[in-house]
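Here the structure is laid out as structure tokens; the discussion comes afterwards.
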Amino acid sequence: GAGVSQSPSNKVTEKGKDVELRCDPISGHTALYWYRQSLGQGLEFLIYFQGNSAPDKSGLPSDRFSAERTGGSVSTLTIQRTQQEDSAVYLCASSLDGTGDTEAFFGQGTRLTVV
Amino acid sequence: AQSVTQLGSHVSVSEGALVLLRCNYSSSVPPYLFWYVQYPNQGLQLLLKYTSAATLVKGINGFEAEFKKSETSFHLTKPSAHMSDAAEYFCAVSRDTGNQFYFGTGTSLTVIP
């Protein structure tokens, strides 16, 4: 596609349920990032994928969070047993090759509300 | 280690006035620097980037930023604010490889008519 696509755009879930958030990066981009943005806050890094390398999971806040990237393209962020503090906008971004001078292109985000 | 500090979480300017959003970075090596803008309910959009070419970088919508190594700064400016500039602005620094982006906490710009 022309840009980074995220689905769903909005998700309301009950506390304790699992959710899956999807990201379709720009075709040909090898690097993919997930960030979390809470109300009025900056971007909190969650996880980074680069090609076939092992992902950088250092930003995942707990073991309830996991992500995978299948075939070097689509990525899914899964949150198990959701808590109210998980409510935030989850942003996905991709970049061409993960080198320092290439910009990241962002999707419009998934707004997750845990009730 | 890289990090970014954005001074002022909220900035208000009058329409037509100068916009100045501050960003200071720390980096052990010469950095790549970026400014992104986020309009309400949207993702982030690149405004401009510094990649060690010209120190004065021009971006979209009339914005520009100057890389000052001696001050470790990359402040964003626009000579004349427009109502449509109201948004959240993020400064970011990156490194050559790996998990590249370190974002500041953002500055919310309000333009007063």
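Keep in mind it's a predicted model, so treat the numbers as computed, not measured. To find a chain, count down the sequence lines: A is the first, B the second, and so on, and within it residues start at 1. Only heavy atoms go into these numbers, but all of them, side chains included; no hydrogens, no water, no symmetry mates.
Here the side chains of Q38(B) and L91(A) are in contact, with some heavy-atom distance below 4.5 Å. Between Y48(A) and F101(B) the shortest side-chain heavy-atom distance does not fall below 4.5 Å. Looking at heavy atoms from C-beta onward, E103(A) lies in side-chain contact with F34(B) at the 4.5 angstrom threshold. Using a 4.5 Å cut-off on side-chain heavy atoms (C-beta onward), F103(B) and Q37(A) make no contact. The closest side-chain heavy-atom distance from N41(B) to V89(A) is not below 4.5 Å.
With chain B as partner, the option from F49(A), F105(A), F106(A) having the largest number of non-hydrogen pairs under 4.5 angstrom is F106(A).
Both F67(B) and I60(B) are members of a single hydrophobic cluster when ILVMFWY side chains are connected at heavy-atom separations under 4.5 Å. Criterion: ILVMFWY side-chain heavy atoms under 4.5 Å apart, direct or through other members. Under it, L109(B) and V4(B) are part of a common hydrophobic cluster. L21(B) and M83(B) fall within the same hydrophobic cluster, where Ile, Leu, Val, Met, Phe, Trp and Tyr residues are linked whenever their side-chain heavy atoms come under 4.5 Å apart, directly or through other members. A single hydrophobic cluster is not seen to contain both L32(A) and I26(A); linkage of ILVMFWY side chains at heavy-atom distances under 4.5 Å, directly or through other members, places them apart. When the side chains of ILVMFWY residues are joined at heavy-atom separations under 4.5 Å, either directly or via intervening members, L46(B) and F45(A) end up in a single hydrophobic cluster.
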Chi angles and distances behind the side-chain contact (heavy atoms from CB on, under 4.5 Å) call for L43(A), L44(B): CA-CA 10 Å; L43(A) 276 69; L44(B) 276 70; 4.0 Å; yes
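Other residues, nucleotides and ligands place no more than 12 heavy atoms under 6.0 Å from the CD atom of E14(A).
The backbone N or O of A104(A) lies less than 3.5 Å from a partner atom in the side chain of Y36(B), making a donor-acceptor pair.
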